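Have a look at the structure below before the remarks.
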Amino acid sequence: MQAQYQPSVVEQDAQAWWDSRGSFVAREPDAGDTRPKYYCLSMFPYPSGKLHMGHVRNYTIGDVLTRQHRMRGYNVMQPMGWDAFGLPAENAAIQNRVPPARWTYDNIAYMKGQLRSLGFAIDWTRELATCQPEYYRWNQWLFLRMLERGIAYKRTQVVNWDPVDQTVLANEQVIDGRGWRTGAPVEKREIPGYYLAITRYAEELLGELDHLPGWPERVRTMQANWIGRSEGVRFAFPYEIDGEPGQLWVYTTRADTIMGVTFCAVAAEHPLAARASRDDPALAAFVEECRRGSVMEADLATMEKKGMPTGLSVRHPLTGESVPVWVGNYVLMGYGDGAVMGVPAHDERDFAFALRYGLPIRQVIAVEGESFSDSRWQDWYADKARGRCVHSGRYDGLAYAQAVAAVAGDLRSRGLGDTRVQWRLRDWGVSRQRYWGCPIPIVHCESCGDVPVPDEQLPVVLPEDCVPDGSGNPLARREDFLRCACPRCGAQARRETDTMDTFVDSSWYYARFACPGNDQAMVDARANYWMPVDQYIGGIEHAILHLLYSRFWSKVMRDVGLLACDEPFANLLTQGMVLNHIFSRRTARGGIEYFAPDEVDLQTDGAGRIQGAQLRADGSAVDYEGIGTMSKSKRNGVDPQSLIETYGADTARFYMMFASPPEQTLEWSDASVEGAFRFLRRVWAFGHAVRTEVLPRLPAGAIANAAPAAGLPAPLADVRREVHLVLRQANHDFGKFQFNTVASAAMKMLNALERAPREGELAVQAAPVVVEGLSLLLRLLSPITPHLAHVLWRELGYGEDILDSAWPEPDPAALEQDEIELVLQVNGKHRGSVRVPSGASREDIERLALASEPAQRQLAGQPPRRVVVVPGRLVNVVA
RNA sequence: GCCGGGAUGGCGGAACUGGUAGACGCAGCGGACUCAAAAUCCGCCGGUGGCGACAUCGUGGGGGUUCGAUUCCCCCUCCCGGCACCA
């Protein structure tokens, strides 16, 4: 054993050991094995080139949990794979003229090497990449099952079109009116494509959120908001246009205000708007303006309410009154029926609209003590809780719930409407006009139409040698891919060239990890051993998209009979982002130039706060922008590779765990990394000292159970108590996933152990205390710094493999003490402490406290008003 | 606007179900070792007053409950994240 800590040697040793023994290969246990299973999964990476710090943090958290559960007696599984389809590969292909497949597989090879060098306890026998036909054939297979069940269907619809990526985006992929990847303003286009009826599962997706106590509150509320359930009434305004009868359907949550309707408004895309603009050029122009302008939803929110009359009118379903129909730019085609009833008196938007266009405002709700004015909006106009119907005929006096029920009943009896649950969630459009994705298994035949590819012809294999050039989908030019026989009539036909949204790939990989090598089925019985995932770990940015799609997809798999569980992820941990300082400066042309933190020298004020910085190269000043997410564009990323090369994987892992709790953001600090390395070096040096100085004092073979005898001298009993106290706290923190305090517990343990005498009279009696303490410390550290722990464990002779040792628990006997120190308070203020025998009665404690000097001083001979004793903690004398 | 989460030294962060606020680390200061430097080790390290024992203030701001509040309740300010003409 080297006296000096050499991480590269230590880490190679440990990794070679694990590799040669297949330490992390997980299996379904034989009968009689009672170990509980623990499936720990970190979100798999997109193979973009190399790992970033976010990956290191994510996978270290998962690895710590995996290794700790293994030592606690769980049958653990931690797999890894690659989310390998996607646009960056195509963009790289355009740039480098290399097929996306090669770029992707090269990246996978490199990143896999990085993951290995970090020493993660990954079962690589389960590795998968979503771009492999063996994987994506099951995307296609389940898609066909969805088609059979009507869950997948084709329709033409107005979609979000990303003009840069030349593809359709799901609603979830549009952020503030821009493409989530390109940031380009999204356009609206009408395109045929396949949709998955996630809305059929809306009720369950929402309801089950209440049964996911292991998920962060905020993720559950984000999903609930996204699903957006609302209860209301859907009803129709009948009309006749050119003698043709029709119905204008609307949805409202305020059916109690139906008698206050003075107009209706439809979206620009609504059929009535199209109809009316046929012979009204001004209206047609307005409709066109809305269509083009109304794509940026962020602008929508602040946009002025604009509208135009269609000249058409409909009949009120209850009064028969004529109601004018307007086109309104604030009405969304995608929600409900794309039309609303207008009740200016009781809806703020309708009120603004009516004021602007001089439409009548009719009060039909009143609140006692408030007076209505049709010139100014007041918040109570829309108050469901206090409002009562007025000027509403037979509904007068009714409160919200009764009024809605009565109105719905009347509409129902006329066949013009009923109550209805409305969802914000929309069906998931999965067609993408891209090459590097899973082909949609459909064949277009001139006589048979769209024909599903039969199961036995799966997979529809994506040609891997295409080099996209940026214009459209290269599959459309691949005759060998396009040409096929119609599965139904055998005639010459063409394949669908759209591929699936890559969120499909990541919607079920967790289940496939349980069933490696199965080429007969999507998943098998092994999935029901491992599923659900016990602990899922990933970034908060996936709170809606990936997690919602995965929940939906797994429910479909359940309904097809493939999975037994209702939810795929029992517990979810959303790790915080990794941040770093940002330095920039304005360029002469008005742009912004960024500088990497290692290119600048900091200037601090007297208190140590950062004031500014200078470029090291030429001493010129640069601005300090503060802390932000590590990103390529701001040049403030830190490459994990250089970190590993300089300090080793264990330091990287320890720092990641120590710097902040997993769910919080982590601020990068080179100095703290250095500190983490210093600690590991101290552990190593201590281990070396124990081996050379302490072990020789123990009888041969005593190391394995070096539990110190009772009756230790006080200084040694104190050391041992400290170690076990810290361990108890660390175990508690582990349960809360508070790994930063587990790491500091390890530091405290070492601090305590270093205080034990290694020379002099006490050294012999100290030996078992030190040897036991180090054994606890190594096991506590082993999930975080597995290489260091592994090598020291073996070198010192604790055992063959620390992986097979038991998770350490504190010894209650070590925690006992004869005398304890209680906090002494006088009038609630801290005034020193009192030492009492550990078994002291309440009366004894009170007497001792009253006799203390601070209490005597305060009481000045008077009896205390009260004495509060908290056993084992404090005593408070109230004068 | 609505929903969720925050605010603690120079910094990252601790504080179990209300019980010594600032653990552990980083930075800083002082010292030991060294020809010197690095590394390492030891000590100090929230503000104010005091040589000192100690006193006093202090967990974003203001109130409250309590023997005792970073922790519980009410009001307010600011920050972060999500949603948002959703009818």
Side-chain angles (χ1 to χ4, degrees), chain A residues 175-176 216-226 228-230 232 250-254 257 265 294 297-305 328-332 334-343 347-350 352-353 422-424 540-541 543-544 604-610 655 658-661 663-676 678-679 681-682 685 726 728-729 732-733 736 738 740-748 750-751 754 821-833 864-870 872-879:
Chain A
I175 296 155
D176 291 338
E217 177 75 31
R218 61 172 175 158
V219 175
R220 286 186 283 153
T221 46
M222 279 162 75
Q223 291 216 350
N225 287 342
W226 191 263
R229 183 181 199 274
S230 92
V250 301
Y251 172 75
T252 181
T253 55
R254 295 304 305 269
T257 65
S294 68
E297 301 208 0
D299 293 347
L300 270 180
T302 52
M303 210 153 70
E304 236 182 319
K305 313 263 168 299
N329 67 346
Y330 67 99
V331 183
L332 304 175
Y335 188 77
D337 294 276
V340 297
M341 67 177 194
V343 183
D347 179 282
E348 199 170 352
R349 290 159 309 188
D350 295 346
F353 194 79
Q422 182 70 40
W423 304 88
R424 207 194 80 108
I540 185 69
E541 66 272 21
I544 297 174
T604 52
D605 65 6
R609 271 178 284 247
I610 298 174
Y655 169 71
F658 178 66
S660 71
E663 307 228 63
Q664 276 181 38
T665 55
L666 185 154
E667 291 180 25
W668 190 261
S669 158
D670 287 328
S672 293
V673 173
E674 189 76 42
R678 264 200 300 265
F679 168 67
R681 208 160 46 187
R682 267 175 67 207
V726 168
R728 186 173 68 176
Q729 184 64 42
H732 180 259
D733 293 347
K736 291 194 301 179
Q738 200 171 286
N740 56 326
T741 51
V742 174
S744 52
M747 291 173 159
K748 287 180 195 175
L750 182 63
N751 290 347
E754 283 182 335
E821 203 169 80
L822 294 184
V823 170
L824 174 66
Q825 291 187 346
V826 177
N827 287 338
K829 286 190 177 167
H830 182 213
R831 286 290 180 275
S833 58
R865 285 227 313 256
R866 185 175 173 185
V867 180
V868 180
V869 177
V870 181
R873 281 215 172 268
L874 64 69
V875 50
N876 185 12
V877 177
V878 185

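None of the values given here were measured: they were computed from a predicted structure. In the text below, chain A, chain B and the rest are named by the order of the sequence lines, each starting its count at 1.
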Q.
Just the rounded figure in Å: distance from C1' of B/C57 to NE2 of A/His830.
A. 17 Å
Q | Touch class at under 4.0 angstrom, heavy-atom based, for A/Val340 against every strand present | A | base
(Q) Please give the distance between the P atoms of B/A15 and B/G68 as a whole number of Å. (A) 25 Å
Q) Closest to the A/Pro661 side chain: B/G13, B/G12, B/A87? A) B/G13
Q. To the nearest Å, how far apart are A/Glu667 CD and B/G13 P?
A. 6 Å
Q | Strand partner of B/G18, provided both Watson-Crick or wobble distances fall under 3.5 Å | A | none
Q | Between B/C26 and B/A21 - P atom distance, rounded Å | A | 25 Å
Q) With a non-hydrogen cut-off below 4.0 angstrom, is A/Glu674 in contact with a base, only sugar-phosphate, or nothing? A) nothing
**Q.** Euclidean distance for P, B/A37 against B/C24 (whole angstrom)
**A.** 29 Å
Q. Between A/Arg728 and A/His732, is a side-chain contact (heavy atoms from CB on, under 4.5 Å) present by the stated rule, with each step listed?
A. CA-CA 6 Å; A/Arg728 186 173 68 176; A/His732 180 259; over 6 Å; no
Q) Hey, does A/Gln825 reach any base, or is it just sugar-phosphate, or nothing, if we go heavy atoms under 4.0 Å? A) base
Q. When rounded to the nearest Å, what value does the distance between P atoms of B/G64 and B/C2 take?
A. 28 Å
Q) Looking only at heavy atoms, what is the nearest atom pair of A/Val331 and A/Ala265, with distance? A) CG2-CB, 3.8 Å
Q.
With a 4.0 Å limit, can you tell me whether A/Gln664 has a side-chain N or O closer than that to the phosphate oxygens OP1/OP2 of B/G13?
A. yes
Q. A/Arg866 has a side chain; which of B/C83, B/C67, B/A14 sits nearest to it?
A. B/C67
Q.
Does A/Val331 reach a base, just sugar-phosphate, or nothing at all? Heavy atoms under 4.0 Å.
A. base
Q: Indicate whether OP1 or OP2 belonging to B/A15 is found under 4.0 Å from a side-chain N or O atom of A/Lys736.
A: yes
**Q.** Side-chain (A/Asp733) to main-chain (A/Gln738) donor-acceptor, under 3.5 angstrom
**A.** no
Q) Looking at B/C83, B/C67, B/C85, which one has an atom nearest to any side-chain atom of A/Tyr330? A) B/C85
Q. Rounded to the Å, how far apart are A/Arg424 CZ and B/C85 C1'?
A. 13 Å
Q. For RNA chain B, whose closest nucleotide is more 5', that of A/Thr741 or that of A/Ser669?
A. A/Thr741
Q) Under 3.5 Å, side chain of A/Tyr655 to main-chain N/O of A/Ser669, donor-acceptor pair present? A) yes
**Q.** Length of the line joining A/Trp668:CH2 and B/C26:C1', which is rounded to integer Å
**A.** 14 Å
(Q) Categorize A/Phe658 for me: base, sugar-phosphate, or nothing, with a 4.0 angstrom heavy-atom threshold over every strand shown. (A) base
Q. Roughly how many Å is it from CG in A/Leu666 to P in B/C80, rounded to a whole number?
A. 19 Å
Q) Which label fits B/G82, syn or anti, where anti is any glycosidic angle not within 90° of 0? A) anti
Q: Output the single nucleotide from B/C24, B/A14, B/A87 whose closest atom is nearest the side chain of A/Tyr251.
A: B/A87
Q: Kindly say if A/Asn740 contacts the phosphate of B/A14, meaning a side-chain N or O under 4.0 Å from OP1 or OP2.
A: yes
**Q.** P spacing across the pair B/A23 / B/A36, given as an integer number of angstrom
**A.** 34 Å
Q. Base, sugar-phosphate, or nothing: which does A/Thr665 touch, judged by heavy atoms less than 4.0 Å apart?
A. sugar-phosphate
Q.
For A/Gln223 versus A/Ile544, what's the shortest heavy-atom pair and its separation?
A. NE2-O, 3.9 Å
Q: Please measure how far the C1' atom in B/G62 lies from the corresponding atom in B/A14, and state the result in whole Å.
A: 27 Å
(Q) Any base atoms under 4.0 Å from A/Arg229, or only sugar-phosphate, or nothing? Heavy atoms, all strands. (A) nothing
Q: Can you tell me the distance, in whole Å, between the CZ atom of A/Arg349 and the P atom of B/C85?
A: 10 Å
Q) Heavy atoms under 4.0 Å, any strand shown: does A/Arg682 hit a base, just sugar-phosphate, or nothing? A) sugar-phosphate
Q.
At less than 3.5 Å, do the side-chain atoms of A/Asn225 and the base atoms of B/C83 form a donor-acceptor pair?
A. no
Q.
Does the structure show a Watson-Crick or G-U wobble partner for B/G46, both distances under 3.5 Å? Name it, or say none.
A. B/C57
Q. Out of B/G13, B/C57, B/C26, which has the shortest distance to the side chain of A/Ala671?
A. B/C26
(Q) Under 4.0 Å, heavy atoms only, any strand: does A/Gly336 hit a base, just the sugar-phosphate, or nothing? (A) nothing
Q.
Do A/Thr252 and A/Val340 make a side-chain contact, defined as non-hydrogen atoms from C-beta onward lying under 4.5 Å apart?
A. no
Q | Step-by-step side-chain contact (heavy atoms from CB on, under 4.5 Å) determination, A/Gln664 to A/Asn740 | A | CA-CA 11 Å; A/Gln664 276 181 38; A/Asn740 56 326; over 6 Å; no
Q.
Between B/A27 and B/C80, how many Å separate the two P atoms, rounded to a whole number?
A. 30 Å
**Q.** Donor on one side chain, acceptor on other, A/Asn751 and A/Arg682, under 3.5 Å
**A.** yes
(Q) Does a side-chain N or O of A/Arg831 approach OP1 or OP2 of B/A55 to a distance below 4.0 Å, or not? (A) yes
Q: Find out whether A/Leu874 and A/Gln825 are in side-chain contact, i.e. whether some heavy atom of one side chain is under 4.5 Å from a heavy atom of the other.
A: yes
(Q) Both distances below 3.5 Å, Watson-Crick or wobble geometry, any strand: find the nucleotide opposite B/C24. (A) B/G12
**Q.** RNA chain B: 5'-proximal contact among A/Val868 and A/Ser672 (nearest heavy atom)
**A.** A/Ser672
Q | Any strand: nucleotide that pairs with B/U34 via Watson-Crick or wobble, under 3.5 Å | A | none
(Q) Distance check needed: B/A23 C1' versus A/His732 NE2, whole Å only. (A) 16 Å
Q: Assign A/Asn751 to base, sugar-phosphate, or nothing according to its heavy-atom contacts below 4.0 angstrom with the strands shown.
A: sugar-phosphate
Q. If we take the P atom in both B/G19 and B/G1, what is their distance in whole Å?
A. 36 Å
Q | Pairing partner (Watson-Crick or G-U wobble, both distances under 3.5 angstrom) of B/G4 | A | B/C80
Q) Expressed in angstrom and rounded to an integer, what is the separation of A/Glu821 atom CD from B/U20 atom P? A) 13 Å
(Q) Under 4.0 Å, counting only non-hydrogen atoms across every strand here, what does A/Arg678 touch: a base, just sugar-phosphate, or nothing? (A) sugar-phosphate
Q: Name the closest nucleotide to the A/Ser744 side chain, picking from B/C3, B/A87, B/A23.
A: B/A23
